[in-house]
Each structure stands twice: as C-alpha cells, then as structure tokens.
Amino acid sequence: MTDSPLRLLLAFDAQARRDTSQPPAFLHRRDRKFALVCEQQGVTPEANRWLAHLNRLSGPGTKPSAANQPLRFWRRVSTGFAAVGMVAGVFAMVGLLFYDGGQRINITVLLAFVLLQLLLALLTAVQSLAGWQPWRWLLRRFQGTPTQGVINRLQPVLMARSAHLGGLCFAISGLVTLLVMVVVQDLAFGWSTTLETAAANYHRLVQIIAAPWAWLWSAAAPDLTLIEATRFFRAGTGNTSPDPARWGQWWPFVTMLWLTWVLLPRLLLWVLTSMLLRHRARRLLSHHPAMRALLYRMETPALDTGNAHNDAADLPDTGLRNNLLPMPDSDILLCWAGAGEPELPDTLSSGKQLVLRAGGRASLADDEQVLSQIGTHCHGADSKAVILLTRCWEPPTGELQDFLESARDVWPDGTRVALVPLAADSTREPDAHQVQPWLRFAERLGNDFVRVSLPPLQPQPNPYTTSGEPS
C-alpha cells in the first residue's frame, strides 16, 4: 500500500463506502481479527496495513481501487496544465522580446507582465485557501459523472496545485526562451513610459525590484547611467543612446527579474500547495467517520447479543432451549476466556486428563497450540468430545466463533464440542435468558459440531451436622 496520504485517504474512503453494504457483525469480526493479528505481530493496526490486509483477503483478480479514478483524472488535469504552460511560456516570451530593429523592447512592459504573473499566482493560492471554486462548472463538464466522497473537499487544493504546476512550466519555458534569444539575437532593451518620470525615479523602482539579487549579481542591477542612456521616446531620436552596446546590458536584469518574480514564486507555491494537500489528506483521514467506527471495531470484541435482526416486535425465541443435550463423557476440558476461575468445580474437573485454557488474555499462538494439543489427543481417544466451558453471563464473541471454526478444520472428523455455560455460582444452573444466546450461537455454527449442555450441579453442603446442630 502506498504511503501517499492522498492515495491512502481515497482508498480508505472507497473501502468505507463499500463496507456500508456489509453486515455490521461481519465487519466487527473481520476488523477485530485483524487487530488481534497486529497485536500478535507487535505492529500498530494503521489504515495502510488494514487496506493491505483487505487486499490480501480479496485475492488476485481484484478490481482496481476506486481511488485510482479521481487520481487519474487529476493527473490528466495537471499534465494538461503543464503542457499548456510550457507552450504558452514560449509564445509569451517570444512576444515580449519581439524586436524588429525599429523599436526597442520596453522594460516597462516586461515589469507589468511580471506583476500580472505574480498577481495570478497569489490569486490562485488565495482561492485554494478560501475554497472558492469558480471553475467548478468546467470541472463537472470534463468529469462527466459527479465525484463522491472526500475528494470533493480537496478539489480547491488539487486545482491550485495543477495551476501552480502549469505556471511553473510557463516560467521555465519562458526563461529558457529568454536565454536562447539572448544568445541567438542582438536584443535591444530600453525603457519608456508616457508618464513624466525622471530617470532617478525609474532607477529607484528598479533598485527595489532588484534588491533580492543585487548583492549576488551586480550586473543584474542596472545603475543610473544605464537607465539614463537607454530611455527612448516613441517618435523622437534625439535621446537615443550613442552607444548601441548598452541596449543589451539589460538582459541580466530581465533574466533575474523572470527568475525571481515569476519562477520562484510559482515553485514555492507549488511546493506549499503539495504540502498543504498532504496535510489536509492526513487530517481528513484521521477525522473520517469510518475511521472512528473502525477503531471501535478493532478495540472491542465482537459480541453476539441476540437474534440476527433487531425487530423489537418479535418475542424472544425460547424454543431453542429444547436443544440442550446431556454433557458427554470426555477427558478434555477447555476453559474459554477465564471461565472456571478462580477454581474449577469438582464435578467438571474430576477425571479429566487434559485441562486447557484459551481465549481472553491468551495470545493467538497460545490458542493455536491448544487446538493442536487437543487434535493430537483426540486422534488416539475413543471418545472424541471436548467440553468447552464458558461464562454464561458473557455473550458469545467473534473470537470464540473463529476458534471453533479453526477447530473444525484442525480436529479429527467426528469430534464434537459440548458448550457448557457456567454460572457465577457453580452450585446453580444458569438462568434461561443466559442460555438462549449460546443455543443460538451453537445453532449458527452447526449442531453437528457444537451442542450446548448444562453443567452438573455441585452438591449443596449440608448446613447441619448429623446431630442436628448447625455446622
């Protein structure tokens, strides 16, 4: 399973929606068993391990995860933005640097274009943080079918990441085009504006813009003499610089201008948006409603509390009590989940060659060892019956059902299990309402393998002596 928080979130959300069609009892037993396996292996039952476990249960030939479909769509969106940005960057830079020999490339136009790119990048970032989706109608048209699940809550960030990737490709292709044109062409830069601006004011503006790199590359920070020498007017020729070589000295400034104020903001915003997407995916996964239900199923035993349906109009099924059978002769006594503690009744423990304990605090490895030990003992025994002692006031658990289903596969054919619910007071029979869940439990497992028997009553001590006096 991938470590990508977004892919993990989408896979978990898709599995949670598929689980809604499963019975709660099945989900509880499945997830509780997974948690017990993780506990035995000493690992944390995290979401990625849970999904990998379900994939293994599904076996080969499983349909691709439903999380792949939205990821493929957004991968296509990002690829489209990147391709369009790459092409647009080339054409934009060629258009900005167009020079026919009669007019210079105006630095003022370049500054305005860079400012526009910076504003677009900031607007995209603000839109993703605010969750505003003005492009939703266009997205629905391309998606075809409306998306479901948590992906809808991540669409603003996903769109911002794709837009920043497109802007980054635009900036890279524009920078490469600029450098190529600087090499293959003799570009003539200058600055001009209709406003009455002095060269000193324009120099201060350029100094502010070039402040991030002026200490690193002084040639990329034009001085006042260069600015005074490269000013041109639309229809005049009197102010034209007498030295044409100075017209090209603007290219380091233009290169750093593009790199610093177009490429770097897009790169930083793309990285920050990717980190924000991972953060929100982790947060949505930890707060997913199905996650809380999953943790509950993992932490609590699966209990059989009654009928398969919960229609309150139905009366309790009391006919199953007739399925009680006498306790068979057996020399194997198995105490499940602490039954018979602190001391086994003599009527149950006497004559038993094998007294074992399983379930409860015992590990899965201990349970498997008990299964193997009983199976070996039954191979050479005449009576293949096992007395399984439980507490009558505790409802049947999914762990016990899993244990008995494993026993059916491990123990020899013909082995029978006598399920004996034991009351807290071993001298009394369990109440009828405490026996009914065990009868239904045995019926569900198959009465040919599991039957319910009542424990033999412990003899009541005589409170009087033979002389009639209280003992």
Does anything in residues 77-93 form a side chain to side chain donor-acceptor pair (under 3.5 Å)? List the pairs, not counting sequence neighbours.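 Every side chain to side chain donor-acceptor pair (under 3.5 Å) pair that includes a residue of residues 77-93, provided the two are not neighbours, is Ser78-Ser162.
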Point to revise | Summary of side chain to side chain donor-acceptor pair (under 3.5 Å) pairs that have at least one residue in residues 207-217, sequence neighbours excluded | key: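 Every pair satisfying side chain to side chain donor-acceptor pair (under 3.5 Å) with a residue in residues 207-217: there are none.
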Could you tell me whether a side-chain N or O of [X] sits under 3.5 Å from a main-chain N or O of [Y], the two making a donor and an acceptor?
X: Trp261; Y: Ile209; answer: yes
X: Ser372; Y: Gln369; answer: no
X: His287; Y: Arg283; answer: yes
X: Ser330; Y: Ala385; answer: yes
X: Ser173; Y: Met86; answer: yes
X: Trp438; Y: Pro396; answer: no
X: Asp367; Y: Gly359; answer: yes
X: Arg357; Y: Ala339; answer: yes

Whether over 12 other heavy atoms sit under 6.0 Å from Trp50 CH2 |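 Result for CH2/Trp50: enclosed.
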* So does Gln40 have more than 12 non-hydrogen atoms from other groups sitting under 6.0 Å from CD? ->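 Enclosed.
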Leu354/Asp331 under side-chain contact (heavy atoms from CB on, under 4.5 Å): CA gap, chis, key distance, verdict: CA-CA 6 Å; Leu354 207 60; Asp331 57 352; over 6 Å; no
Enter the distance from [X]:[atom1] to [Y]:[atom2] here, rounded to the nearest 0.5 Å.
X: Leu8; Y: Arg278; atom1: CG; atom2: CZ; value: 11.0 Å
X: Leu123; Y: Leu118; atom1: CG; atom2: CG; value: 11.5 Å
X: Gln117; Y: Leu119; atom1: CD; atom2: CG; value: 9.5 Å
X: Arg29; Y: Arg297; atom1: CZ; atom2: CZ; value: 13.5 Å
X: Leu111; Y: Leu205; atom1: CG; atom2: CG; value: 6.0 Å
X: Leu9; Y: Met291; atom1: CG; atom2: CE; value: 9.0 Å

Heavy-atom side-chain proximity of [X] to [Y] below 4.5 angstrom:
X: Phe441; Y: Val450; answer: no
X: Met159; Y: Gln155; answer: no
X: Leu388; Y: Cys335; answer: no
X: Arg391; Y: Trp336; answer: no
X: Val262; Y: Leu175; answer: no
X: Arg153; Y: Arg280; answer: no
X: Phe81; Y: Leu165; answer: no
X: Trp258; Y: Phe253; answer: no

Atom pairs and distances, side-chain donor-acceptor, residues 403-422, under 3.5 Å, sequence neighbours left out:
from: Glu405; atom 1: OE2; to: Gln401; atom 2: NE2; distance (Å): 3.4
from: Ser406; atom 1: OG; to: Asp402; atom 2: O; distance (Å): 3.0
from: Arg408; atom 1: NH2; to: Leu445; atom 2: O; distance (Å): 2.5
from: Trp411; atom 1: NE1; to: Leu371; atom 2: O; distance (Å): 2.9
from: Thr415; atom 1: OG1; to: Pro412; atom 2: O; distance (Å): 2.7
from: Arg416; atom 1: NE; to: Asp448; atom 2: O; distance (Å): 2.6
from: Arg416; atom 1: NH1; to: Gly414; atom 2: O; distance (Å): 3.4
from: Arg416; atom 1: NH1; to: Asp448; atom 2: O; distance (Å): 3.3

Minimum heavy-atom separation for [X] and [Y], please, with both atom names.
X: Pro328; Y: Ile387; result: O-CD1, 3.9 Å
X: His164; Y: Ala121; result: CE1-O, 3.5 Å
X: Met93; Y: Leu178; result: CG-N, 3.7 Å
X: Pro45; Y: Met298; result: CB-SD, 3.8 Å
X: Ala163; Y: Arg266; result: O-NH1, 3.8 Å
X: Thr124; Y: Ala160; result: CG2-CA, 3.9 Å

> Is the Phe12 ring parallel, tilted or perpendicular to the His288 ring (thresholds 30°, 60°)?
Replying inline: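 Perpendicular: the ring planes of Phe12 and His288 meet at over 60°.
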Residue among Asp19, Thr20, Asp13 satisfying side chain to side chain donor-acceptor pair (under 3.5 Å) with Arg17: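 Between Arg17 and the candidates, side chain to side chain donor-acceptor pair (under 3.5 Å) is satisfied uniquely by Asp13.
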(Q) Let's go through Cys378 and Ile374 carefully: what are the C-alpha distance in whole Å and the side-chain angles of both, what is the deciding distance for side-chain contact (heavy atoms from CB on, under 4.5 Å) to 0.1 Å, and is it a yes or a no? (A) CA-CA 6 Å; Cys378 288; Ile374 294 177; 3.9 Å; yes
query = Yes or no on side-chain contact (heavy atoms from CB on, under 4.5 Å) for Met275 and His279, after CA distance, side-chain angles and deciding distance?
reply = CA-CA 6 Å; Met275 294 173 61; His279 172 72; over 6 Å; no
* To do: Step by step, work out the salt bridge (charged side-chain N to carboxylate O under 4.0 Å, His left out) result for Glu46 and Arg49.
  => CA-CA 5 Å; Glu46 297 173 341; Arg49 289 197 178 94; 3.5 Å; yes
(Q) Could you walk me through whether Leu6 and Leu158 satisfy the side-chain contact (heavy atoms from CB on, under 4.5 Å) test, starting with their C-alpha distance in whole Å, then the side-chain angles of each, then the deciding distance to 0.1 Å, before giving a yes or no? (A) CA-CA 10 Å; Leu6 177 60; Leu158 286 167; 4.0 Å; yes
